[in-house]
Amino acid sequence: MKHFEPRIMMNALRNKIIKAYGGMELWSAVDRITVVANIDGINWQKKGHPGLFNNTQIEIYTKAQFVRYIPIDKNWYSTYEPNLVRIFNRENNTLIEELYHPRQSFIGFDRDSKWTLLQAVYFASYAMWNYFNIPFIFMSKDYNIKELDIWSEDGIHLRRIQVTFPDYITTHNKQQIFYINENGLIVRHDYNAEIMGKGGAAHYLNDYTEIDGLMFPMKRRVFKRLDDNTSLKPEPLLISIDINDLILK
């Protein structure tokens, strides 16, 4: 019986997380999430695209890895699939440029390398797909989930899970760690973004809001993660994401 206790405990924690976010029944009825967001931070300056995604409408699909970015003050929009990124003219929907197998285009890049527009769209798109589909995608048996030791931060004890992503999911890196508060909500997300030079990131989720019965963080802040697992906050702020509007369809 003891042999099965870790798995039973992990299933109970995963179920607590899903319930805290509103449950699978409500989530299963959602096909697309449309948000209006301001995305900023020094990483966009370093990559050569300051202010690129300020005041941007983003459509995130839940049943396929597909994302559409529509910058409100620009004359183009983009579409993302794991192996293809495209940019179209907003006025006549003609294709401006495209990039097949975008992950391969980062080979040889380091954290100081500049990105093309298509590369920036690729990063922003797969990242937001992950952020908005987590934690519900963890219900798939293709994700390997293991509970780690408790972590204490700012006087708060947080449970942690290590998630190994399946190969067919485009994400920052294969193993990532999520920090869970007493209510079952993710408040911190650690990863090493491969296309960012594998630098450690501590990504904080704040200002949870209930939308149609489902919970979403409306503010995200990403800081450098140090070797002792603490984060270098409040500065420099690598990436900020502020959600101004969110609609489920």
Side-chain angles (χ1 to χ4, degrees), residues 9-28 30 33 35 37 39 41 58 60 62 65 67 124 126-166 169-193 200-226 229-234 237-243 246 248:
M9 291 174 63
M10 187 57 253
N11 286 341
L13 177 55
R14 182 177 62 178
N15 291 340
K16 177 180 180 178
I17 296 168
I18 296 300
K19 182 178 180 181
Y21 277 81
M24 285 301 299
E25 183 175 356
L26 286 178
W27 176 254
S28 297
V30 177
I33 304 166
V35 305
I39 303 175
I58 311 166
I60 303 129
T62 65
Q65 292 181 71
V67 175
Y126 86 69
M128 291 294 271
W129 187 89
N130 278 262
Y131 300 159
F132 278 88
N133 280 276
I134 291 170
F136 296 101
I137 52 178
F138 295 162
M139 291 301 289
S140 167
K141 62 180 177 58
D142 295 338
Y143 293 81
N144 184 277
I145 304 175
K146 179 175 71 173
E147 186 165 8
L148 305 178
D149 294 338
I150 296 289
W151 173 260
S152 295
E153 186 166 340
D154 297 330
I156 300 173
H157 299 304
L158 303 170
R159 296 176 74 176
R160 297 189 298 164
I161 58 173
Q162 176 183 280
V163 179
T164 303
F165 285 68
I169 295 295
T170 301
T171 188
H172 291 307
N173 63 290
K174 196 166 183 65
Q175 281 193 343
Q176 302 174 32
I177 298 175
F178 299 83
Y179 298 67
I180 318 301
N181 70 11
E182 61 181 1
N183 298 318
L185 297 173
I186 298 168
V187 295
R188 175 175 161 179
H189 173 195
D190 288 358
Y191 47 81
N192 295 69
H203 176 144
Y204 291 87
L205 297 74
N206 302 292
D207 289 4
Y208 271 90
T209 301
E210 182 178 331
I211 308 290
D212 296 341
L214 296 168
M215 298 296 289
F216 296 92
M218 307 303 277
K219 292 184 182 296
R220 295 170 178 266
R221 300 291 184 266
V222 183
F223 304 97
K224 181 179 180 180
R225 190 177 77 253
L226 304 176
N229 204 50
T230 60
S231 59
L232 192 62
K233 60 179 182 178
L237 177 59
L238 304 182
I239 293 177
S240 65
I241 303 171
D242 292 288
I243 305 301
L246 191 155
L248 305 180

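By convention here, the first residue in the shown sequence is residue 1.
Atom CD of Gln162 is surrounded by more than 12 heavy atoms from other residues, nucleotides or ligands within 6.0 Å. Sparse packing is recorded around NZ of Lys224, with 12 or fewer heavy atoms of other residues, nucleotides or ligands lying under 6.0 Å away.
Under the 3.5 Å distance criterion, the side-chain polar atoms of Lys19 are left unmatched by any main-chain donor or acceptor of Gly184. Panel note: side chain Asn130, backbone Tyr126; a donor-acceptor pair is recorded below 3.5 Å. The backbone N or O of Thr170 lies less than 3.5 Å from a partner atom in the side chain of Gln65, making a donor-acceptor pair.
Ring-centre distance between Phe138 and Phe178: below the 6.0 Å cut-off. In summary, the aromatic rings of His172 and Phe165 are positioned with their centroids too far apart to meet the 6.0 Å limit.
Side chains of His203 and Arg220: a donor on one and an acceptor on the other come within 3.5 Å. Side-chain contact annotation: Ser231 with Tyr204, donor-acceptor N/O pair under 3.5 Å present. Checking Asn183 against Tyr208 by side-chain atom types alone, no donor-acceptor pair falls below 3.5 Å. A side-chain donor-acceptor contact under 3.5 Å links Arg225 and Asn192. Using a 3.5 Å distance cut-off with no hydrogens or angles, the side chains of Trp151 and Glu153 do pair a donor with an acceptor.
Within the 4.5 Å cutoff, the side chain of Leu13 has heavy atoms near those of the Arg159 side chain.
Contact record, Tyr21 with Leu185: CE1-CD2, 3.7 Å, taken as the closest heavy-atom pair.
Once rounded to the nearest 0.5 Å, the distance linking OH of Tyr191 with CG of Asn173 reads 9.5 Å. One distance of note links CD1 of Ile241 with CD1 of Ile243; it measures 6.5 Å at 0.5 Å rounding. For the atom pair Lys174 NZ and Asn144 CG, the distance stands at 9.5 Å (nearest 0.5 Å).
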